[in-house]
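Below is one structure, written out as structure tokens, with a few remarks after it.
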Amino acid sequence: MKTVDAHPKDRLLATASRLFYAEGIHAVGVERLVSEASVTRATFYRHYPTKDDLVAAYLTETSRQIRAAVEAARAGKPPREGLADTMAVVGDATRGEDFRGCQFLNAAAEYPDPRHPVRTVIDDHRNWFFEVLREQAAALGHPEPDHAARVLVLLRDGALHGGELDDAGKVRATLRRAVEDLFPA
């Protein structure tokens with residue numbers, strides 16, 4: 001999607017994804033987006049009526065990618081292994097050279113109004129992840145699957161918020177151990 005041959009809408013989304021994650025959403029203006037995506041302002045607004053629409057698309061695409069990674073990590077595995085591998089997806093995210101925390105937590109910090117449409121996308125992603133964890137906790141027979149899922153979501157948030165400050169290998173190992181501690185064999 002980085003080539004000029006890509007569809008303008010795809011170039012805008014790819015450019016926004018890169019810049020929003022690296023520099024922050026409010027720090028990147030429409031002029032910079034259109035310039036780096038090699039599109040006109042009219043093209044921008046034809047595909048994304050507002051910058052917030054582009055932010056929502058960026059987060060929706062990020063969620064789609066994470067959902068695919070989690071589904072691949074869980075595919076065909078027993079619940080405990082699937083849960084450990086789900087948390088490993090989180091740990092692996094902290095290993096990237098350009099890791100700057102969680103896209104959803106970063107966006108939530110820039111959009112504090114819980115009624116804002118961008119927050120709806122954030123909430124949808126978080127609810128999906130909670131349900132994945134709750135489902136796996138229930139499949140493992142945890143007496144309080146909601147509580148176990150909330151604990152794991154908080155660990156995920158901590159790992160993705162502070163992961164760049166700690167050794168990524170240790171973050172991944174800690175997440176795996178948390179699954180073992182919550183769900184002893």
Side-chain angles (χ1 to χ4, degrees), residues 16-18 20-25 55-185:
S17 296
R18 177 177 51 82
F20 290 164
Y21 187 65
E23 299 177 22
I25 295 166
V55 174
Y58 150 66
L59 293 172
T60 299
E61 175 59 18
T62 300
S63 181
R64 186 198 64 74
Q65 292 171 9
I66 292 168
R67 290 172 192 231
V70 167
E71 290 310 311
R74 296 173 55 198
K77 295 179 182 161
R80 190 168 192 271
E81 184 181 348
L83 181 56
D85 288 349
T86 295
M87 295 307 286
V89 168
V90 174
D92 289 344
T94 67
R95 293 176 173 225
E97 244 180 68
D98 60 348
F99 178 72
R100 285 201 64 252
C102 173
Q103 293 91 333
F104 299 93
L105 294 173
N106 293 346
E110 293 196 52
Y111 289 87
D113 180 357
R115 296 175 309 263
H116 193 282
V118 168
R119 290 293 292 265
T120 301
V121 177
I122 295 166
D123 292 345
D124 178 63
H125 179 77
R126 291 180 64 78
N127 291 335
W128 162 80
F129 193 66
F130 172 83
E131 285 302 321
V132 166
L133 298 175
R134 190 194 61 70
E135 172 189 304
Q136 290 177 300
L140 287 165
H142 196 282
E144 295 182 74
D146 286 359
H147 173 72
R150 278 191 296 277
V151 168
L152 292 173
V153 168
L154 288 173
L155 286 171
R156 172 221 171 266
D157 289 351
L160 291 177
H161 195 64
E164 69 182 310
L165 304 174
D166 298 320
D167 174 70
K170 287 181 182 176
V171 169
R172 192 173 197 273
T174 300
L175 290 169
R176 184 167 289 280
R177 183 174 172 189
V179 170
E180 294 167 2
D181 290 349
L182 276 170
F183 306 95

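Heavy atoms only: backbone and side chains are in, while hydrogens, waters and symmetry mates are out. This one's a predicted model, so the numbers in the text were calculated from it and none came from an experiment. By convention here, the first residue in the shown sequence is residue 1.
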Q) Do Gln103 and Ser17 touch side chain to side chain, with heavy atoms closer than 4.5 Å? A) no
Q) For the atom pair CG (Leu83) and CD (Glu135), what is the distance rounded to the nearest 0.5 Å? A) 10.5 Å
Q.
What verdict does the side-chain contact (heavy atoms from CB on, under 4.5 Å) test give for Val118 and His116, after you've listed the backbone C-alpha separation in whole Å, the side-chain angles of each residue and the deciding distance to 0.1 Å?
A. CA-CA 5 Å; Val118 168; His116 193 282; 3.5 Å; yes
(Q) I need the minimum non-hydrogen distance between Trp128 and Glu71, along with the two atoms involved. (A) CZ2-OE2, 4.5 Å
Q) Counting distance only, does the side-chain N/O of Ser63 pair as donor-acceptor with the main-chain N or O of Leu59 below 3.5 Å? A) no
Q: Anything under 30° is parallel, anything over 60° is perpendicular, the rest tilted; go ahead and classify Phe129 against His125.
A: parallel
Q.
Which heavy atom of Ala107 sits nearest to which heavy atom of Ile25, and what is that distance?
A. CB-CD1, 3.7 Å
**Q.** Gap separating the CG atom of Asn106 from the CG atom of Leu160, nearest 0.5 angstrom
**A.** 9.5 Å
Q.
If I take atom CD1 from residue Ile122 and atom CG from residue Asn127, how far apart are they, to the nearest 0.5 angstrom?
A. 11.5 Å
Q) Do the non-hydrogen side-chain atoms of Asp146 and Phe130 ever get within less than 4.5 Å of each other? A) yes
Q.
Between Arg177 and Glu180, does any NZ, NE, NH1 or NH2 come within less than 4.0 Å of an OD or OE carboxylate oxygen?
A. no
**Q.** Carboxylate-amine/guanidinium contact Arg176 Asp85, below 4.0 Å
**A.** yes
Q: First locate atom NE2 of His142, then atom CG of Leu182, and finally report the distance between them rounded to the nearest 0.5 Å.
A: 5.5 Å
Q: Can you measure from OG1 (Thr86) to CD1 (Ile66) and round to the nearest 0.5 angstrom?
A: 12.5 Å
Q) Mind checking whether Tyr111 and Val121 have side chains closer than 4.5 Å, heavy atoms only? A) no
Q.
Please report the interatomic distance CG(Leu152) to CD(Gln136), rounded to the nearest 0.5 Å.
A. 9.0 Å
Q. Going by an N to O cut-off under 4.0 Å, is there a salt bridge joining Asp113 and Arg119?
A. no
**Q.** Side-chain donor or acceptor of Tyr21 paired with backbone N/O of Arg100 under 3.5 Å
**A.** yes
(Q) If you compare all heavy atoms of Ala93 against all heavy atoms of Phe99, which two are closest, and at what distance to 0.1 Å? (A) O-CD1, 3.0 Å
**Q.** Pairwise side-chain contact, Arg172 with Asp92, heavy-atom cut-off 4.5 Å (strictly under)
**A.** yes
Q: State, to 0.1 Å, how close Ala73 and Val89 come at their nearest heavy-atom pair, and which atoms those are.
A: CB-CG2, 3.7 Å
Q. Which heavy atom of Val90 sits nearest a heavy atom of Ala159, and at what distance?
A. CG1-CB, 4.2 Å
(Q) Looking at every heavy atom in both Val55 and Phe20, which two are closest together, and how far apart are they? (A) CG2-CE1, 3.8 Å
Q: Look at Asp157 together with Arg126 and state whether they make a salt bridge at an N to O cut-off of under 4.0 Å.
A: yes
Q. Heavy-atom count around Lys77 NZ within 6.0 Å, excluding the residue itself: above 12?
A. yes
